[in-house]
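All residue numbers in this chain count up from 1 along the given sequence.
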Amino acid sequence: MLIISTSLSIMLLSTWLVPAKRLWEVITAQSLIIAIASMVWFCTQNNSLFLNSYFTIDQISSPLLILTCWLTAPTLLASQSKLSKEPMPRQRAYIFTIIILQATTLLAFLANNMMLFFILFESTMIPTLIIITRWGAQKERMLAGTYLLFYTLFGSMALLTALLFFHETFGTLSISLIKDSMKELHPSACMLAWWAACFMAFLVKMPLYGVHLWLPKAHVEAPIAGSMILAGTLLKLGGYGILRISTIISDSFLNAAAPLIIFSMFGVLLSAALCSRQTDLKSLIAFSSVSHMGLVIAASFLKTDWSIAGSLILMISHGLVSSALFCLANTSYERTHTRTMIILQGSQIILPLSAAWWLMSALLNMALPPSPNFIGEMSILSSLFQWSNLTLIIMGISILFTTSYSLYMFWSTQREYPPLHIKFMPPIQTREHILLTLHIIPALLLTIKPGLLF
């Protein structure tokens, strides 16, 4: 932990001190060193590591910490093409904002105190808002920032109220100290209201279908770094919050979660169906994130060993695959200046290697066996089936829609006869191959040994 915190501090200083000619190379190399150093957290999977009374690493947080460190380097690599044309002060400010956002996310995953977690959870919104509104390419970026701000604050006020009530009742907000106290609680009107308020901010952050409108808007208007961080790590803060709160609340609240589990499953179905209606590539990928996170929400409320393990695997795999899909969408956008899929058709003939990356990402996204998406979804589906046999019908239809929109995405962008403007696209660069390798290879390694995340 000391090595990573020191490296992050050096990265922040390097952003302003490194000569302009070597800025991107030095910062990317430092972020790769941090990513490799974070692998040591795999060793904490079998026990908890208390850094101090406020920060701890355990089985739930360590995979998400590694994911956050790992995605920093690809985020910088993906941004290099567009940002290198801007004035140097703007490039340095952009890199500094990304590093601050990733550092804040790391601290949020480490937090052992619920109030500290809330403060860090909300702190991630500020750099995200800056990235979207300052470096977004379109005029509606301000509206996207407003959506993000108001949806997040709406849920956060309920969470803050719940935490203040909790501190008044139990006298502490330390997660490690309150597990025993929480197990003695039983559902009542007051406690059910507290329970709902606790989860409100996390359900908005995931997001749950119905409070998801900010996510497609933010993805479409954000630059590539904003989309990658949002899909890769920030959505996982919501899942982490639900898992963390669920583990300290007694099983007697499970019946209260039944309506949310059912609604989230219908959300999976509806958002997967909406994906098949999208014409904008980034919007389709954003709605697919809503669909996958709906499964994570349902699994997190069930609280079985299989559902928690499945939700963790699915979150990690989704972070890698969805980030890769946004990178691929960006490579197409940089060459054609459009995200409309019908205009991108036929790209496979011009860029065959890029089409291979598209195919692998689409197959991973649709949970093709034995991918980590498949392992996570099967763990969740088996838990849901044990909870209620009727969930098999909803989930079966959802899987059909997921397969159809993944193939639709690949076919619409890569197959068919290429239009004239596609024929003059520049070839894919080595930087982009490295970028996609950093996403796909870890997902394939998890296919070989998914037990790393259990």
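For the residue pair Ser289 and His318, a side-chain donor N or O sits within less than 3.5 Å of a side-chain acceptor on the partner. For the 3.5 Å distance criterion, the side chains of Gln414 and Ser347 fail to qualify, holding no donor opposite an acceptor. For the 3.5 Å distance criterion, the side chains of Thr304 and Ser307 qualify, holding a donor opposite an acceptor. Gln345 and Arg415 share no side-chain donor-acceptor pair at under 3.5 Å.
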Run the side-chain donor-acceptor check on residues 93-104: report pairs under 3.5 Å with partners two or more places apart or on a different chain.
residue	atom	partner	partner atom	Å
Tyr94	OH	Ser79	OG	3.0
Thr97	OG1	Ala93	O	2.7
Gln102	NE2	Thr72	OG1	3.3
Thr104	OG1	Ile100	O	2.6

Under 3.5 Å, sequence neighbours excluded: what are the donor-acceptor pairs made by side chains of residues 146-154?
residue	atom	partner	partner atom	Å
Thr146	OG1	Met142	O	2.9
Thr152	OG1	Leu148	O	2.6

Enumerate donor-acceptor pairs with a distance under 3.5 Å from any side-chain N or O in residues 434-443 to protein atoms, sequence neighbours excluded.
residue	atom	partner	partner atom	Å
Thr437	OG1	His433	O	2.6
His439	ND1	Leu435	O	2.9
His439	NE2	Ser323	OG	2.8

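Counting heavy-atom neighbours within 6.0 Å of Met200 CE, excluding the residue itself, gives a total of 12 or less. Within 6.0 Å of atom CD1 in Ile342, 12 or fewer heavy atoms from other residues, nucleotides or ligands are found, so the atom counts as exposed in its surroundings. Within a 6.0 Å radius of CZ in Phe401, other residues, nucleotides and ligands contribute 12 heavy atoms or fewer.
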**Item:** Stepwise side-chain contact (heavy atoms from CB on, under 4.5 Å) check, Tyr405 with Leu274
**Value:** CA-CA 9 Å; Tyr405 78 68; Leu274 277 172; over 6 Å; no

**Step-by-step side-chain contact (heavy atoms from CB on, under 4.5 Å) determination, Tyr408 to Ser412** = CA-CA 6 Å; Tyr408 161 69; Ser412 298; 3.2 Å; yes

**Audit row: Phe199, Phe301, ring-ring contact (aromatic ring centres under 6.0 Å, His included) steps and yes/no** = CA-CA 10 Å; Phe199 288 113; Phe301 282 118; 4.9 Å; yes

**Request:** Take Ser264 and Tyr209 through the test side-chain contact (heavy atoms from CB on, under 4.5 Å) and record every step on the way to the result.
**Result:** CA-CA 7 Å; Ser264 65; Tyr209 185 86; over 6 Å; no

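A distance of 7.5 Å separates CZ in Arg141 from OG1 in Thr133, rounded to the nearest 0.5 Å. Note that the CG atom of Leu235 and the CG atom of Leu215 stand 5.5 Å from one another [nearest 0.5 Å]. Atom CG of Leu159 and atom CE of Met115 lie 8.0 Å apart (nearest 0.5 Å). Rounding to the nearest 0.5 angstrom, the gap separating the NZ atom in Lys236 from the CG atom in Leu314 is 8.5 Å.
For Tyr240 and Phe117, the ring centers are positioned less than 6.0 Å apart. The ring of Phe121 has its center closer than 6.0 angstrom to the ring center of Phe202.
The side chain to side chain donor-acceptor pair (under 3.5 Å) search around Glu334 returns Asn330, not counting sequence neighbours. With sequence neighbours excluded, the residues satisfying salt bridge (charged side-chain N to carboxylate O under 4.0 Å, His left out) with Lys217 are Glu140. With sequence neighbours left out, the side-chain contact (heavy atoms from CB on, under 4.5 Å) criterion links Ser398 to Val268, Leu269, Ile394, Met395.
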